[in-house]
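Structure, as structure tokens:
What you see is a predicted model; the values in this text were computed from it and never measured. Residue numbers start from 1 in every chain, and the chains themselves are labelled A, B, ... in the order their sequence lines are given, proteins ahead of strands.
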Protein chains: 2
Amino acid sequence: MNTKPKKLSSVDIARLSGVSQATVSRVLSGSDGVKAATKEKVMQVVKAHGYRPNAFAQAMRTNQSAAVGVAVSRVTNPIVPEILEALTRSFTAKGRRVVVWNTDENGQDGLISAIRSGLVDGLVFTAANQQSEAAKAAHEADMPLVSINRSFDELDCDQVVSTNHQGAFDLADYLVKCGRKKVAFVNGPKDRTTLADREQGFREGLRAAGITPDPDLFFSRPFKDNAFRQLGMDIFGADNPPDAIACGNDLIAIQIMNGLKAAGCRVPEDIWVVGFDGIEMAGWDIISLTTVQQPIELMANNAATFLLDRIEGKRTETETIQYRTELKVRETTGFTPAP
Amino acid sequence: MNTKPKKLSSVDIARLSGVSQATVSRVLSGSDGVKAATKEKVMQVVKAHGYRPNAFAQAMRTNQSAAVGVAVSRVTNPIVPEILEALTRSFTAKGRRVVVWNTDENGQDGLISAIRSGLVDGLVFTAANQQSEAAKAAHEADMPLVSINRSFDELDCDQVVSTNHQGAFDLADYLVKCGRKKVAFVNGPKDRTTLADREQGFREGLRAAGITPDPDLFFSRPFKDNAFRQLGMDIFGADNPPDAIACGNDLIAIQIMNGLKAAGCRVPEDIWVVGFDGIEMAGWDIISLTTVQQPIELMANNAATFLLDRIEGKRTETETIQYRTELKVRETTGFTPAP
DNA sequence: AGCAGAAATGTATACGTATTCAATAATATT
DNA sequence: AATATTATTGAATACGTATACATTTCTGCT
């Protein structure tokens with residue numbers, strides 16, 4: 001074991017290259033007004049020692065952390081990693097670090113604390129429930145804020161959403177047009193605006209197609225204890241089961257299918273199933289779930305751009321942008337793709 | 001729009017509560033030697049203004065960031081979010097923030113830069129390829145390091161792994177004992193030690209069971225372009241296909257099954273398929289993949305503990321801990337669970 | 001009451017950087 | 001060549017916190 005390498009500072013670099021600390025700072029921040037030869041000399045030393053400026057000192061001095069936060073919940077929903085990956089790609093491409101908070105565990109205290117302590121320059125909220133303490137805290141702290149796949153009624157911030165209402169409306173229409181007579185809708189907790197919007201759209205779609213929504217066919221369950229799997233079994237086990245089940249999102253649909261399969265129900269022969277989100281695995285051959293697809297990558301990119309522009313002061317007006325969803329018909333509604 | 005709230009500092013809190021800045025600092029860091037009444041008074045002001053110490057100033061002063069990094073790659077492999085969630089749970093429960101780096105995109109530059117600039121106090125590496133610049137940089141920077149589900153030959157750091165070799169060995173034995181005559185093995189890039197170990201174990205398991213591994217039945221593909229789906233189609237389409245396909249991990253197995261299904265092959269009637277990892281969705285009824293399960297939650301917790309102990313200087317010797325894997329037999333190898 | 005010692009608080013400083021302002025070196029102008 | 005101008009560089013400072021050290025305020029004891 002050799003002696004501790006002793007972390008270098010810009011002062012050390014300055015000494016080693018025979019210039020002042022200020023000059024080192026100028027070289028590293030790429031400001032002009034520094035002679036090419038000097039820059040060269042300093043960079044040489046920097047490279048040689050693998051020196052990097054202390055991020056915290058930088059952050060403190062500039063009041064900019066170069067990091068953005070992403071608040072997620074329900075990571076087990078596969079759409080979350082998909083959003084996360086797209087966001088991360090966008091942000092890191094633009095030189096920002098990404099700090100992720102899972103607001104399931106430990107509540108939102110950690111996130112709120114992080115907001116107040118200035119750890120991030122901005123924040124993206126992904127689909128979750130409405131009344132968010134953290135969002136309020138961020139707003140009060142005057143922190144740039146973007147919501148993706150979720151709408152805040154009270155909070156004035158940029159929002160990137162998809163046509164949840166219309167997509168569900170069209171979905172209902174599709175099912176009825178295809179001759180489904182008895183259509184159920186399975187949803188998660190309705191304090192999630194995304195889920196609530198979809199259910200509302202679906203109801204209206206049914207009515208528009210001439211069917212009065214039957215309250216007994218609208219279900220809501222929490223995201224735990226395998227509730228949706230159990231529900232799938234129950235639905236198939238009941239007398240006179242529906243001939244189609246639409247779900248608030250793809251994960252719900254998959255869990256419903258688990259229950260159906262466990263109960264011996266064949267999809268689509270006995271019951272059709274459709275989801276909403278368009279997660280990647282919905283397209284897998286072994287799942288082949290009909291769903292309403294959102295352009296996740298686009299939405300995430302847009303959210304990232306919104307946030308960064310706002311952080312950099314390029315935008316002041318808040319804006320809501322809505323992306324068009326697309327119905328993807330697959331095998332769970334009887335459509336067999338060409339081989 | 002009201003006037004800017006003007007971020008408060010400990011100096012402001014001190015002034016507002018009629019004490020010195022040092023006392024404010026003492027109150028907030030919970031050090032004793034502060035009169036109860038004073039503490040009360042200060043906390044009152046702190047609460048009233050929602051003040052939180054500036055994390056960067058704190059980090060700079062203490063040389064501790066209170067954050068740990070997690071380096072991941074291939075986020076699209078569902079095991080990654082599972083590991084991530086478990087790690088996050090552990091770390092946040094212990095008061096640490098988690099910063100995630102995806103080393104797929106943008107290479108490892110961002111991560112290396114973060115290491116050198118002191119952004120995190122420690123780092124967890126999850127399964128990826130062997131020759132990691134970032135790991136080397138971390139080691140050089142004298143940063144605590146833990147690898148999970150991956151082994152470094154060269155680097156001296158704590159490691160949390162599972163019995164990849166033995167698990168695969170037993171798996172081969174199981175398949176042969178069940179009467180499979182012609183067993184293929186499909187793997188990803190073998191610079192991932194985890195995948196390499198499994199393949200090696202599988203080979204030896206076959207031999208031990210009296211079967212000479214046939215080089216034509218060992219496949220390796222990159223994680224892109226749907227290569228495994230294509231391979232699944234090709235394998236079933238070939239003359240005299242195998243009667244079982246073992247895979248380097250669950251995601252590969254699922255993609256192989258996609259290809260098999262697309263080619264009209266029934267699992268398990270025509271071909272058995274087994275995976276490795278034990279991701280959650282392998283247990284779903286609609287997938288029901290036989291696999292070798294790792295105790296991900298335990299492994300993640302252990303990794304977190306290792307890292308924190310090392311950061312806090314409680315450990316000096318590096319250690320490798322190996323968790324036992326467990327064969328989970330499901331429908332893709334013909335076993336139908338009780339209803 | 002007086003004093004020693006402990007408890008509580010205040011003062012001063014350092015962390016590593018970016019930046020303002022002053023000083024110097026280089027260049028252009030006459 | 002002398003001066004005006006500009007291009008570089010250096011010195012000094014502030015950011016917000018934690019902590020070593022100095023100082024003050026309490027306590028208990030004789």
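Look at NE2 on B/H49: it is 16 Å from P on D/dG16, rounded to the nearest Å. The CG-C1' distance, from B/L119 to C/dG16, rounds to 14 Å in whole Å. Rounded to whole Å, the distance from NZ on A/K41 to C1' on D/dT8 is 12 Å. In this structure, A/Q58 atom CD and D/dG16 atom C1' are separated by 17 Å, rounded to whole Å. Protein atom CZ of A/R116 is 18 Å distant from nucleotide atom P of D/dG16, rounded to whole Å. Regarding A/F56, its CZ atom lies at a distance of 17 Å from the C1' atom of C/dA18, rounded to whole Å.
Among pairs with a residue in residues 35-46 of chain A, none fulfils salt bridge (charged side-chain N to carboxylate O under 4.0 Å, His left out), at least two apart in sequence or across chains.
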Under the criterion side chain to side chain contact (heavy atoms under 4.5 Å, CB included), I'd like the reasoning laid out for B/V72 against B/L84: C-alpha separation, chi angles, the key distance, then a yes or no.
CA-CA 8 Å; B/V72 304; B/L84 217 45; 3.9 Å; yes
Show, in sequence, the C-alpha distance, side-chain angles and deciding distance for B/V24 and B/V19, and conclude whether the side chain to side chain contact (heavy atoms under 4.5 Å, CB included) test is met.
CA-CA 7 Å; B/V24 173; B/V19 299; 3.8 Å; yes
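Proximity of B/S10 to the phosphate of D/dT17: a side-chain N or O atom is located under 4.0 Å from OP1 or OP2. Considering only side-chain N and O atoms, B/S9 lies nowhere under 4.0 angstrom from the phosphate OP1 or OP2 of D/dG16. Between C/dG16 and A/Y51, no contact under 4.0 Å exists linking OP1 or OP2 to a side-chain N or O.
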What does the B/S/- profile of nucleotides 6-15 of chain C look like, 5' to 3', with a 4.0 Å heavy-atom cutoff to protein?
--SBBB--BB
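Between B/T126 and B/V70, the closest side-chain pair of non-hydrogen atoms falls below 4.5 Å.
A donor and an acceptor atom, one from each side chain of A/D12 and A/Y51, are nowhere located under 3.5 Å apart.
The CZ atom of B/F306 lies 11.0 Å from the CD1 atom of B/I148; values are rounded to the nearest 0.5 Å.
Using a 4.0 Å heavy-atom criterion, one finds that B/T62 contacts the sugar-phosphate atoms exclusively.
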